[in-house]
> 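Right, I'll just put the structure down here and ask away after.
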Number of protein chains: 2
Amino acid sequence: MTPAGRRAGNPDTRTEILEAARDEFGESGYRRATIRGIARRASVDPALIHHYFGTKDELFAASIALPFAPGDLMDGVFEGGRDGAGRRLARAFFTIWETEQARASLLGVLRTAISGDERATAAFREFLLEALRDHLAAHIDGDDARLRAVTVASHLVGMAITRYVVRLEPVASASIDDLVDLVAPRLQSYLDQA
Amino acid sequence: MTPAGRRAGNPDTRTEILEAARDEFGESGYRRATIRGIARRASVDPALIHHYFGTKDELFAASIALPFAPGDLMDGVFEGGRDGAGRRLARAFFTIWETEQARASLLGVLRTAISGDERATAAFREFLLEALRDHLAAHIDGDDARLRAVTVASHLVGMAITRYVVRLEPVASASIDDLVDLVAPRLQSYLDQA
DNA sequence: TTCGCAATTCAACAGGTGTTGACAGACTTC
DNA sequence: GAAGTCTGTCAACACCTGTTGAATTGCGAA
């Protein structure tokens, strides 16, 4: 189709590849996604992907970079103290998932981690640890603080799966406001119970 | 290694293959699991698998059969009315996941559904619908009954993922009693709120 | 203008995959 | 004990995968 050699103009093909990769990994996870599929989506030869990003591993790593720092986000959630933190947490969580780029990245990580790949699982575990569990536990009292923190994280992960992965109604097309109203009180109760 | 031809004795090789398949699909999901890997685990030639089960699809279908009927289970949960149903639901859920065979099957379904395979996702959706959402919603009042039912299911799915898939501590090695104590009140509150 | 470098494709590799058909050995039945 | 059926392996197929090296074309600087 496309003739060999450099194209006319100065198209940002590298970025197009990265976006195609993010979408493909988001839809299929690491294993099911193929270099050839990503190349097709970016209208590019597979070899070009290796030219820019090296191995499939490195491409995946580059494609799941998040447009925010989880730590900062958690700081915002607890800025006003524990009162209302459940609500702010729920809103922050769903808001992130609604932004297209973040959703694709998060889906890629989630799908890959759950697929059974040991390295991906470990990475996801670290992510949940640093981003959620430890920050949450720091604001919970009692000796089961970490247990309750992970339970909060579990609830959120579960919501993401039914809404964005399985797309089960009526959660899939509920408004964020409704979801926050519903979930926030239970999250808060996990945080508060002494 | 093993000589060609029928083996001595009457070993139930078919069952061994099925167990190997269940374990392999449970660890890796449909895509990552390979016929050759299952054959290796069952100490058998790959062709024998096709002889017994036909295609990989059919083997997967045979391997995820659950040793219980979800409908019956839900009947038990609501037998004594809505009072205490949250607790009975949580206990039933974790108890099932603790039985080895069921866990492998459930992991296989979960991993495959979340991997992005459209057919598997649809199947999982139907499963959640029939097994959880509709049964739960029938015992919840208010016009957001289905929304709250799916939220309950989401929480449970999330717990299964952190405990059995990601194995994030301290949820991974908490006792079932502790988990039930923690989660049941919130499930109950989803069921009760009018 | 020319020259080097970056962008891009082409063709091929080595390896893994599901699946198939032909063959071999042991149990079952008459 | 011979015939037939079930259990099992071997060898090969067609296909898809990630990856590589060489070749081709355009851009920017000297």
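Excluded from the calculations below are hydrogen atoms, water molecules and symmetry mates; all remaining heavy atoms, backbone and side chain alike, are included.
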> Show every ring pair (Phe, Tyr, Trp, His ring centres under 6.0 Å) that has at least one partner inside residues 33-60 of chain A, sequence neighbours left out.
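Listed once each, the pairs are A:Phe25-A:Phe60, A:Tyr30-A:Phe60.
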> Output every pair passing salt bridge (charged side-chain N to carboxylate O under 4.0 Å, His left out) with a member in residues 104-116 of chain A, not counting sequence neighbours, ordered by first then second residue.
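Passing the test, one end in residues 104-116 of chain A: no pairs.
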> Which ring pair (Phe, Tyr, Trp, His ring centres under 6.0 Å) pairs, counting each pair once, include a residue from residues 112-161 of chain B, with sequence neighbours left out?
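Sorted pair list: A:His155-B:His155, A:Tyr190-B:His155, B:Phe78-B:His139.
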> Return the value, rounded to whole Å, for the distance between atom CD1 of B:Ile35 and atom P of C:dT20.
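Answer to the nearest Å: 11 Å.
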> All N/O contacts under 3.5 Å from nucleotides 11-16 of chain D to the protein, with atom names and distances to one decimal?
none

> According to salt bridge (Lys or Arg N to Asp or Glu O under 4.0 Å), who are the partners of A:Arg125, at least two apart in sequence or on a separate chain?
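Scan of A:Arg125 (salt bridge (Lys or Arg N to Asp or Glu O under 4.0 Å), adjacent residues dropped) gives A:Glu118.
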> What parts of residues 51-61 of chain A reach DNA chain C, counting only heavy atoms under 4.0 Å away?
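Within this stretch, A:His51, A:Tyr52 sit under 4.0 Å of the strand.
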> Could you check whether any side-chain heavy atom of B:Ile114 comes within less than 4.5 Å of a side-chain heavy atom of B:Ile161, counting everything from C-beta outward?
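The answer is yes; the side chains approach within 4.5 Å.
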> Could you tell me the separation between the CZ atom of B:Arg31 and the P atom of C:dG18, rounded to a whole number of Å?
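Rounded to the whole Å, the gap is 10 Å.
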> Does B:Ser189 have any side chain to side chain donor-acceptor pair (under 3.5 Å) partners at least two apart in sequence or in another chain, and if so, which?
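If we apply the side chain to side chain donor-acceptor pair (under 3.5 Å) test to B:Ser189, skipping adjacent residues, the hits are A:Arg186.
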> Of the residues in residues 17-25 of chain B, which ones touch DNA chain D at a heavy-atom distance under 4.0 Å?
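Those residues: none at all.
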> Please give, in whole Å, the distance from D:dT7 P to B:Glu16 CD?
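It is 13 Å, rounded to the nearest whole Å.
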> Test: side chain to side chain donor-acceptor pair (under 3.5 Å). Region: residues 63-82 of chain A. Which pairs qualify, not counting sequence neighbours?
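Listed once each, the pairs are A:Arg82-A:Asp141, A:Arg82-A:Asp192.
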> List the residues meeting salt bridge (Lys or Arg N to Asp or Glu O under 4.0 Å) with B:Arg91, not counting sequence neighbours, and say none if there are none.
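B:Asp177.
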> Please give, in whole Å, the distance from C:dG18 C1' to B:His50 NE2?
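So the two atoms are 5 Å apart, to the nearest Å.
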> Which residue pairs satisfy the ring pair (Phe, Tyr, Trp, His ring centres under 6.0 Å) criterion with at least one member in residues 156-185 of chain A, sequence neighbours excluded?
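Checked against ring pair (Phe, Tyr, Trp, His ring centres under 6.0 Å) - neighbours excluded - the pairs reaching residues 156-185 of chain A are A:Trp97-A:Tyr164.
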> What contact category does A:Ala33 fall into here, base, sugar-phosphate, or nothing, at under 4.0 angstrom with non-hydrogen atoms?
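It contacts sugar-phosphate atoms only.
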> Find the distance A:Ile49:CD1 to C:dT9:P and express it as a whole number of Å.
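In whole Å, C:dT9 P and A:Ile49 CD1 are 10 Å from each other.
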> Rounded to the nearest angstrom, tell me the gap between atom OH in A:Tyr30 and atom P in D:dT17.
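Going from A:Tyr30 (OH) to D:dT17 (P), I get 14 Å.
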> Between A:Glu27 and A:Arg22, does the salt bridge (Lys or Arg N to Asp or Glu O under 4.0 Å) criterion hold? Intermediate values first, please.
CA-CA 9 Å; A:Glu27 288 176 16; A:Arg22 188 163 37 228; over 6 Å; no
> How would you list, by chain and number, every residue that makes a side chain to side chain donor-acceptor pair (under 3.5 Å) with A:Arg146, sequence neighbours excluded?
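With neighbours one apart ignored, the set is empty.
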